[in-house]
Amino acid sequence: MVQTSISGDPDILSDFIAPPGAAPVNGSFFTYTGLRDVVRQTGSPSYFQYLRASRDEFPALDGLSVSTIFLGFRPGDVSPPHVHTRASELLLVVQGSLLVGFVDTNNQLYTNRLQTGDMFVFPKGLIHFQLNEDTTNPAYSISSLGSSSPGLILVPNNLFNTSASIDDNVLALSFKTNVSTIQLLKKALSTPYNQVIGHPLKH
């Protein structure tokens with residue numbers, strides 16, 4: 001017998017969840033202003049931008065099964081292969097173009113080149129990526145995710161970042177290479193892909 005386990009946000013038994021002991025909420029509780037500066041910016045960002053509005057940043061989302069991610073790509077920037085363990089993602093390109101894709105559990109790659117106004121959906125729990133192939137112009141996207149805490153696993157960092165402490169021999173055997181190559185990858189990934197605005201990348 002095959003059993004499948006799927007994680008997601010539990011249903012709540014009230015209209016919304018207010019912080020314990022907080023004063024009666026008003027419209028401000030349901031308002032998030034943390035994206036104002038990046039949405040208003042013009043030109044190319046100075047580094048790859050990742051700004052998230054999840055339960056941690058926007059407490060009103062708790063129990064509502066939704067969150068948002070804003071991505072700002074310089075020319076040539078990549079959002080490396082990663083996984084949201086608890087949510088599907090619906091991405092909208094709001095400026096520029098992006099090469100996007102995901103790999104399913106049968107190792108089938110699904111990819112497309114998106115233009116401004118195009119949308120693409122990444123199923124929950126599957127490895128996916130976004131790349132700005134344009135060498136001149138930036139690109140911006142906004143994603144909606146089906147969880148207030150979608151989770152994030154950056155595949156290269158989780159495997160090769162020195163803080164993960166996966167044994168070099170295990171990685172060398174798994175990737176059919178040698179220990180010196182694994183150590184080079186770990187050294188390269190000791191510097192994060194991007195500088196994060198406002199908060200660290202959290203699981």
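Reckoned from all heavy atoms, side chains included, excluding hydrogens, waters and symmetry mates. Fair warning: this is a prediction, and the values are worked out from it, not measured in the lab. We number each residue from 1, following the sequence as shown.
For Ser67, there are no side-chain hydrogen bond (donor to acceptor under 3.5 Å, both in side chains) partners two or more places apart in sequence or in a different chain. Taking the side chain to side chain contact (heavy atoms under 4.5 Å, CB included) definition, one finds that Thr135 meets it with nothing, sequence neighbours left out. Take Asp134 and apply the side chain to side chain contact (heavy atoms under 4.5 Å, CB included) test, not counting sequence neighbours, and it matches Asn132, Thr136, Asn137. Partners of Ser180 under the side-chain hydrogen bond (donor to acceptor under 3.5 Å, both in side chains) rule, at least two apart in sequence or in another chain, are Asn178. In this structure, the side-chain hydrogen bond (donor to acceptor under 3.5 Å, both in side chains) partners of Ser79, at least two apart in sequence or on a different chain, are Gln130. Residues passing the side-chain hydrogen bond (donor to acceptor under 3.5 Å, both in side chains) test with His82 are His128, sequence neighbours excluded. With sequence neighbours left out, Phe129 forms a ring pair (Phe, Tyr, Trp, His ring centres under 6.0 Å) with no residue at all. A search for salt bridge (charged side-chain N to carboxylate O under 4.0 Å, His left out) contacts involving Asp62 returns Arg55, not counting sequence neighbours. Phe73 meets the ring pair (Phe, Tyr, Trp, His ring centres under 6.0 Å) test with Phe48; sequence neighbours excluded.
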Less than 3.5 Å apart, which donor and acceptor atoms pair up between the side chains of residues 11-30 and the rest of the protein, not counting sequence neighbours?
unit_1: Ser14; atom_1: OG; unit_2: Phe16; atom_2: O; d: 2.9
unit_1: Asn26; atom_1: OD1; unit_2: Ser28; atom_2: N; d: 2.9

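Residues His84 and Ile69 meet the side-chain proximity criterion, which asks for heavy atoms closer than 4.5 Å.
The minimum heavy-atom distance linking Leu109 with Val103 is given by the pair CD1-CG2, 4.0 Å.
Residue pairs that meet the side-chain hydrogen bond (donor to acceptor under 3.5 Å, both in side chains) test with at least one member in residues 106-115, sequence neighbours left out, are Asp104-Tyr110, Arg113-Glu133. Residue pairs meeting the salt bridge (charged side-chain N to carboxylate O under 4.0 Å, His left out) criterion with at least one member in residues 143-152: none, sequence neighbours excluded.
With hydrogens and angles disregarded, a donor-acceptor distance shorter than 3.5 Å links the side chain of Ser174 to the backbone of Val170.
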